[in-house]
Amino acid sequence: IDLVVKGEREGARFYQVLRWSAHSEEVIGVYSAIQTHDSAVVSVNPNHTVDAMIARLEGVLVRECEKGGTAATVKAAMDRAFDQIHVETSGGVDRAKNLVARARVTLQDRFGPESRENE
């Protein structure tokens, strides 16, 4: 509706829907079952949210443009930023791979050498 109907400020209706949604989730208690059941509630590093990543990339782009960078230098700076973000955020993937590998070895040890012959 915000795209078609002009409001007091840009996106006013969109943000109102977000506020209603957040309030509804809180009232209904959508996630309460896992919060009380699971002591290991997953938290998100605020530096690794989509908004934070886009702000970071936008900062790189703005800085390079302000320096009068060429398309090639802007691309190189963005590539470095993407690489750095990948390094910072891929730790969880490596941990998951290590857990799976350890679980596999544990299961193979538990069920004996005949399970290794079937690989």
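In this text, all values refer to a predicted model and were calculated from it rather than measured experimentally.
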Asker: Using side chain to side chain donor-acceptor pair (under 3.5 Å) as the criterion, list what pairs up with Arg63, not counting sequence neighbours.
Answerer: none

Asker: side-chain contact (heavy atoms from CB on, under 4.5 Å) with Thr70: which residues, sequence neighbours excluded?
Answerer: Ala72, Thr73

Asker: Linking Ile, Leu, Val, Met, Phe, Trp and Tyr through side-chain heavy atoms less than 4.5 Å apart, which residues share a cluster with Val50?
Answerer: Ile54

Asker: Suppose the criterion is salt bridge (Lys or Arg N to Asp or Glu O under 4.0 Å): which pairs have a residue in residues 67-83, not counting sequence neighbours?
Answerer: Glu64-Lys67, Lys75-Asp79

Asker: If you look only at distance, which donor and acceptor atoms sit under 3.5 Å apart when one is on a side chain in residues 22-29 and the other is two or more places apart or in another chain?
Answerer:
residue: Ser24; atom: OG; partner: Trp20; partner atom: O; Å: 2.9

Asker: Restricting to non-hydrogen atoms, name the atom on Ala52 and the atom on Pro46 that form the minimum distance, rounded to 0.1 Å.
Answerer: CB-O, 3.3 Å

Asker: Is Met53 isolated, or which residues cluster with it under the ILVMFWY side-chain rule of less than 4.5 Å, directly or via members?
Answerer: Leu57, Val60, Leu61, Val74, Met78, Phe82, Ile85

Asker: Taking atom types as modelled and ignoring hydrogens, do the side chains of Gln16 and Arg19 form a donor-acceptor contact shorter than 3.5 angstrom?
Answerer: yes

